[in-house]
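Shown next, in structure tokens, is the structure this report addresses.
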Amino acid sequence: MEAPTDTIRLADLTTLRLGGPARRFVEAASADDVTAAVRAADAAGERLLVLGGGSNLVVADAGFDGTVVHVAGRGIERTDLDASRARVVIQAGEPWDEVVAWAVDESLGGIECLSGIPGSAGATPIQNVGAYGASVADVVSRVRALDRDSGAVVDLAPAECEFAYRSSRFKRTGRFVVLEVELLLDRGGRSAPIRYAELARRLGVAVGDRAPLAQVREAVLELRRGKGMVLDPADPDSVSAGSFFTNPILDPRAFERFEALVHERLGSDVQPPSWPEADGRTKTSAAWLIERAGFHKGHGAGRVGISSKHTLALVNRGGATTAELLTLADEIRGGVLDSFGIELHREPVLAG
Ligand SMILES: Cc1cc2nc3c(=O)[nH]c(=O)nc-3n(C[C@H](O)[C@H](O)[C@H](O)COP(=O)(O)OP(=O)(O)OC[C@H]3O[C@@H](n4cnc5c(N)ncnc54)[C@H](O)[C@@H]3O)c2cc1C
């Protein structure tokens, strides 16, 4: 269904509450509607913005000079494959956290650590959403998408999705529009092994243990609320796009240089956080870098700032513009580069 454009302000459809109008706006209530709207925009040579929950988007103040297709088709279908596994097919417009709540109610394990992540199910493969040691790539068994290059609807196996840390083939190219996501979940009624120490402590279990699904969901939601990472109209720190920067992953020589710089600047007893990656590189903490470069929780005196609960979240404190937000992001990025020679990468997608 096409809406009169002057009524659609993208600020009303993004969690940052930023962004000007859409030139054309199509509400697509089913996978067929999405397919038709995207094919029509592509045939007309229009710029296209696929919109889910708007929770990982920074839209320009001038708005989007093209067609915005809002993916809104709902539906979840469960098929039990055997005593231990169920296949779950989710329409792209289904709100992700409702999917997680449903899975926990159905005693299906595998996505409980991804509780409280805003946005649509269809967007979860885009940046391979992750939290508390889990990511959606752990359970995705197929992604159905419209391939804008060929115009055909295709089924992609996990390897074809090229999932990586906060990234995938979908995020790197605008070629695919996700129509549905298929997950393989565990019917055992317990969580996947808990990999994140802070969560394991909260649950009173050892890292690697499993726990009852509902308890894991509650513990994750509680931890996230403490960081302003659950959308809540009463929490001004949740007017964000979640983490604004990803954790840098450094090759061995870059990590050595970084460590040497840390010792020189902060003292030889200071060790930067580090987690080994499977490919021999090392991940470090963007929040640690930002803090050590002098940007603390609550930073910023104006209408944009750093969340008072989470160093990685940039928030619109009310009435801000996208230009102000991006200036703050540049200031932080520049500060970290000057202090530690590391370039931070933005997690949300810019549009317009
Ligand atoms: C408070 C808060 C906490 C967050 N916590 C986390 C977290 O813990 N972990 C995490 O990984 N992320 C987190 N995020 C980021 C965000 O919630 C996720 O990235 C989410 O998956 C985005 O979904 P969306 O539907 O809102 O996508 P949108 O913001 O609408 O879109 C994001 C990008 O995906 C594209 N896209 C959306 N739907 C489709 C589709 N069907 N097909 C093709 N492309 C599509 C858009 O074009 C855009 O490029 C958080 C955000 C907020 C505001």
Side-chain angles (χ1 to χ4, degrees), residues 10 13-19 28 31 33-35 37-38 47-59 64 66-73 90-97 99-100 111 113-137 143-148 156 161 163 165-181 196 220-221 223-225 227-233 235-247 307 309-310 312-316 346-352:
L10 290 167
L13 299 172
T14 58
T15 54
L16 268 167
R17 301 185 194 153
L18 294 176
D33 287 359
V34 173
T35 303
V38 172
R47 295 180 65 210
L48 175 74
L49 172 61
V50 179
L51 177 71
S55 62
N56 211 26
L57 263 185
V58 181
V59 180
F64 187 75
T67 299
V68 175
V69 176
H70 186 211
V71 177
I90 308 150
Q91 294 305 303
E94 196 65 44
W96 174 252
D97 195 49
V99 176
V100 179
I111 52 176
C113 285
L114 305 179
S115 291
I117 298 181
S120 59
T124 59
I126 308 299
Q127 70 157 1
N128 180 22
V129 295
Y132 296 97
S135 65
V136 80
V143 172
R144 176 160 292 177
L146 172 66
D147 178 353
R148 296 172 63 202
L156 299 168
C161 300
F163 288 122
Y165 163 66
R166 285 310 84 74
S167 181
S168 71
R169 186 177 182 188
F170 310 113
K171 189 160 182 178
R172 285 190 293 273
T173 77
R175 177 172 161 190
F176 297 98
V177 179
V178 174
L179 302 173
E180 62 183 46
V181 180
Y196 202 82
V220 167
L221 287 174
L223 287 170
R224 293 183 67 97
R225 277 188 209 107
K227 297 174 186 170
M229 284 287 121
V230 175
L231 287 186
D232 175 357
D235 181 0
D237 280 322
S238 73
V239 185
S240 78
S243 297
F244 202 87
F245 299 105
T246 55
N247 288 324
S307 155
K309 304 191 190 78
H310 189 32
L312 284 183
L314 304 191
V315 295
N316 172 2
R346 192 185 54 244
E347 185 185 300
V349 176
L350 295 189

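When a ligand or atom number is given, it counts from 1 through the structure's own listing order. Remember, predicted model here, so these are calculated numbers, not experimental data. Here, residue 1 is the first one in the sequence, and each next residue gets the next number.
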Any non-hydrogen side-chain atom of [X] less than 4.5 Å from a side-chain atom of [Y]?
X      : Y      : result
Leu156 : Arg169 : yes
Val177 : Phe170 : no
Leu146 : Val34  : no
Glu94  : Val181 : no
Val59  : Leu18  : no
Val143 : Glu180 : no
Gln127 : Asn56  : yes

Contact atoms of ligand 1, heavy-atom distance to [X] under 4.0 Å:
X      : result
Phe176 : 43 (C)
Gly119 : 23 (O), 24 (P), 25 (O), 26 (O)
Thr15  : 53 (C)
Arg166 : 11 (O)
Leu57  : 29 (O), 31 (O), 48 (C)
Val177 : 42 (N), 43 (C)

So which protein heavy atom does [atom] come closest to, and at what separation?
atom                    : answer
atom 41 (N) of ligand 1 : Val178 O, 3.0 Å
atom 16 (C) of ligand 1 : Ser55 OG, 3.3 Å
atom 35 (C) of ligand 1 : Val50 O, 4.0 Å
atom 5 (N) of ligand 1  : Arg224 NH2, 2.8 Å
atom 24 (P) of ligand 1 : Gly53 N, 3.3 Å
atom 28 (P) of ligand 1 : Gly54 N, 3.6 Å
atom 12 (N) of ligand 1 : Gln127 NE2, 3.1 Å
atom 52 (C) of ligand 1 : Gly242 N, 3.2 Å

Under 3.5 Å donor-acceptor, Arg47 side chain and Phe64 backbone: no

Ligand 1 versus [X]: contacting region, heavy-atom distance under 4.0 Å:
X      : value
Ala351 : neither
Val349 : side chain
Lys171 : neither
Trp96  : neither
Val129 : both
Ile126 : side chain

Closest to atom 9 (N) of ligand 1 (judged by heavy-atom distance), picking from Ala131, Pro118, Gly130, Ala123: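 Comparing heavy atoms across Ala131, Pro118, Gly130, Ala123, the nearest one to atom 9 (N) of ligand 1 lies in Gly130.
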
Option with minimal heavy-atom separation from atom 13 (C) of ligand 1, where the choices are Leu48, Ile117, Asp237: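 Nearest option to atom 13 (C) of ligand 1, by heavy atoms: Ile117.
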
Carboxylate-amine/guanidinium proximity below 4.0 Å for Arg175 and Asp147: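 So Arg175 pairs with Asp147 through a salt bridge.
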
Ion pair Lys309/Asp235, N-O distance below 4.0 Å: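 Salt bridge present between Lys309 and Asp235.
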
Closest non-hydrogen atom pair, Trp96 against Leu114: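 Shortest heavy-atom contact: NE1-O, 3.1 Å.
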
Ser238-ligand 1 polar pair, N/O distance under 3.5 Å: no

Residue Arg17 excluded, over 12 heavy atoms near CZ under 6.0 Å: no

Side-chain donor-acceptor contact under 3.5 Å, Ser167 with Arg172: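 Yes, side-chain donor-acceptor contact under 3.5 Å.
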
